[in-house]
Protein chains: 2
Amino acid sequence: MAPQQDRSRGGRRRASHSMESVLTEAVALLDEAGEQALTFRALAQRLGGGVASIYWYVASKDELLDRATDHVIGAALADVEALPAHEDPIDELRAMAVTLFDAIMERPWLGAYFMRNTDVQGNALRLYEKLGQQTLRLDLTARQRFHAVSAIVGVVVGSAVDLGQEPPQEVLDGAVGRDEFLGRYAQAWRELDPADFPFVHEIVDEFDGHDDIEQFRSALELTLAGLRLQAGA
Amino acid sequence: MAPQQDRSRGGRRRASHSMESVLTEAVALLDEAGEQALTFRALAQRLGGGVASIYWYVASKDELLDRATDHVIGAALADVEALPAHEDPIDELRAMAVTLFDAIMERPWLGAYFMRNTDVQGNALRLYEKLGQQTLRLDLTARQRFHAVSAIVGVVVGSAVDLGQEPPQEVLDGAVGRDEFLGRYAQAWRELDPADFPFVHEIVDEFDGHDDIEQFRSALELTLAGLRLQAGA
DNA sequence: GCTAAGATAGAACAACGTTCGATACGATGC
DNA sequence: GCATCGTATCGAACGTTGTTCTATCTTAGC
């Protein structure tokens, strides 16, 4: 009753990969345990192959990160393209940015690599174009359009970076909940001298247990309000 | 005429450090050659001591980075505090944000670590407080104040991250100038199909040779305009 | 002079990205 | 059937990194 071994002629089976599987497993590692979990050895073990095989598909870890990033940005781009059209371009910009932020929230590691994509081509550029096309519907100069899209991307990235560097490893392990983690900071802030830190005391209750999405949407709303003003609509 | 050797009894002189010198040299390494240049061995050599000695002052590289970051944020905080007071709190917020961005521009590596500071205390918190105090002068709810400061910090960080990850190592070595670097991207963009990428073609001339500070100020202006609208002033 | 704490340092360790050389596989030509 | 060439895989090794271990030197107080 020995189980049918998955080998031929006693030799160890050779693994056969593909660009897709390499990227998929790399993203899976990043999703499960964050940036530090993605090593060539861990990835090779997951693929059931050797370490050096990965170098057939990518020339370096930087390229692996770039391709993995572009891989998931492709999914975010698909989400954005699936969005219904709005009459108001600013409404559409808001919907796109929120969709983008949602995608990053599910993958906190994305924040650090989002803008690192050195490739000129790729899904990041398509996303950039997609956002920018909305500004073409606004009464702006080319320079204003360029700056507007940069500002919106900046808000997304800025919020995403906050997100990505928030968990200090305890909350990722599940040992400490996010609320408790925030609560610790809040408690330390409450113990500061109110005379020296009036603002911190003013907002500590808002900080405690705050929602990241709401924080992002508020920042986005300010930028979009400024943009609407600039477009004179 | 042998030079007076700086040693006693022929033995190799033991180095004597201090928290200040360790942080100063660490920052110097980061300034000169970026994030990857800061290694314990390079730092030890610079301090004229052994590798393990650094561990007397910091428990890990993460802590070293945190302390180094807070060290330079302290300088930025001093710059911000030296700013003249404005009658309009939003004008003062703008001046503070610009000062902050200037400090980050001189140290591109700061962008990646700016928000990574896990310490609750420190200069980052004081800077946060300093920004927040201006919102106390505006007619806003506590939540709006919290979100406003987060938004402004987000704009700074978002632009700073762009900045920090821009040079791909050639421009840092001085082999390729920033303009030429930007020009390469611009050229590649110009060769894209205008039907597929109308926005990219619209702004490529603006992108080519653009000024980072101007880009940042535009993004900041949109946020501040939105904030002014929100405060009903 | 002795001792305890403060401070320094060399050597070793484990993990990482990367390279090298050898080897197997699959289609093609004959 | 067989040699051939480009594709693809793998184990082993290299150099560098953060970190730890253990030993040593220095200083202050008694």
Side-chain angles (χ1 to χ4, degrees), chain A residues 5-27 29-30 32-69 109 112-113 116 118 168-169, chain B residues 5-27 29-30 32-69 109 112-113 116 118 168-169:
Chain A
Q5 289 293 92
D6 191 13
R7 46 182 71 189
S8 21
R9 283 205 294 246
R12 176 162 281 110
R13 188 78 168 288
R14 284 172 78 89
S16 106
H17 313 146
S18 71
M19 189 80 241
E20 258 288 317
S21 66
V22 169
L23 260 37
T24 302
E25 294 304 319
V27 169
L29 273 171
L30 288 168
E32 288 169 18
E35 177 185 349
Q36 60 177 358
L38 178 58
T39 68
F40 277 81
R41 285 167 177 86
L43 181 56
Q45 189 171 7
R46 226 185 150 97
L47 289 165
V51 190
S53 303
I54 305 171
Y55 279 88
W56 206 94
Y57 296 95
V58 295
S60 68
K61 187 168 187 182
D62 276 340
E63 190 185 320
L64 176 62
L65 252 348
D66 280 351
R67 292 194 117 102
T69 301
W109 55 271
Y113 297 117
R116 159 207 172 84
T118 62
Q169 211 154 357
Chain B
Q5 288 292 93
D6 192 12
R7 46 183 69 190
S8 21
R9 284 204 295 247
R12 175 165 280 108
R13 188 80 170 286
R14 285 172 76 88
S16 105
H17 313 145
S18 71
M19 189 80 243
E20 259 288 317
S21 67
V22 170
L23 260 38
T24 302
E25 294 304 319
V27 170
L29 273 171
L30 288 167
E32 288 169 18
E35 176 185 349
Q36 60 178 0
L38 177 59
T39 67
F40 276 81
R41 283 167 179 85
L43 180 56
Q45 189 170 7
R46 226 185 150 96
L47 290 165
V51 190
S53 303
I54 306 172
Y55 279 88
W56 175 251
Y57 296 95
V58 295
S60 67
K61 187 168 187 181
D62 275 339
E63 191 185 318
L64 176 62
L65 252 348
D66 280 351
R67 291 194 118 102
T69 302
W109 55 270
Y113 297 116
R116 158 207 175 86
T118 61
Q169 212 154 354

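In what follows, chains carry the letters A, B, and so on, assigned in the order in which the sequence lines appear, proteins first and then strands, with residues in each chain numbered from 1. The structure presented is a predicted model; accordingly, all values stated were derived computationally and were not measured.
Here the side chains of B:Leu64 and B:Val22 are in contact, with some heavy-atom distance below 4.5 Å.
The CD1 atom of B:Ile54 lies 12.0 Å from the OG atom of B:Ser60; values are rounded to the nearest 0.5 Å. Atom CZ of A:Arg46 sits about 10.5 Å away from atom OG1 of A:Thr24, to the nearest 0.5 Å. A:Glu25 contributes atom CD, which lies 5.5 Å from atom CG of A:Leu47 (distance to the nearest 0.5 angstrom).
The CD1 atom of B:Ile54 sits 11 Å away from the C1' atom of D:dG18 (whole-angstrom rounding). For the pair B:Gln36 CD and C:dT18 C1', the interatomic distance rounds to 15 Å; values are reported in whole Å. Per the geometry, CG belonging to A:Leu65 stands 12 Å off C1' belonging to C:dG17, to the nearest Å. The OH-P distance, from A:Tyr57 to C:dT18, rounds to 18 Å in whole Å. Taking atom CZ on A:Arg14 and atom P on C:dC25, their separation rounds to 6 Å, with Å as the unit.
Of the candidate nucleotides D:dT19, C:dA7, C:dA9, D:dT19 has the atom nearest to the side chain of B:Tyr55. Set against C:dT8, D:dT7, D:dT19, the side chain of B:Lys61 has D:dT19 as its closest nucleotide.
One finds a side-chain N or O of A:Ser53 lying less than 4.0 angstrom from the OP1 or OP2 phosphate oxygen of D:dC10. The side chain of B:Trp56 contributes an N or O atom lying less than 4.0 Å from OP1 or OP2 of C:dA7.
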- Verify side chain to side chain contact (heavy atoms under 4.5 Å, CB included) between B:Leu38 and B:Val27, making sure each step is shown before the conclusion. CA-CA 8 Å; B:Leu38 177 59; B:Val27 170; over 6 Å; no

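Interface residues of residues 40-52 of chain B facing DNA chain D, ordered by number: B:Phe40, B:Arg41, B:Val51, B:Ala52; criterion, heavy-atom separation under 4.0 Å.
Of the two residues contacting DNA chain C, namely A:Ala59 and A:Thr39, the nearest-nucleotide position lying further toward the 5' end is that of A:Thr39.
Checking A:Glu35 against A:Tyr113 by side-chain atom types alone, a donor-acceptor pair falls below 3.5 Å.
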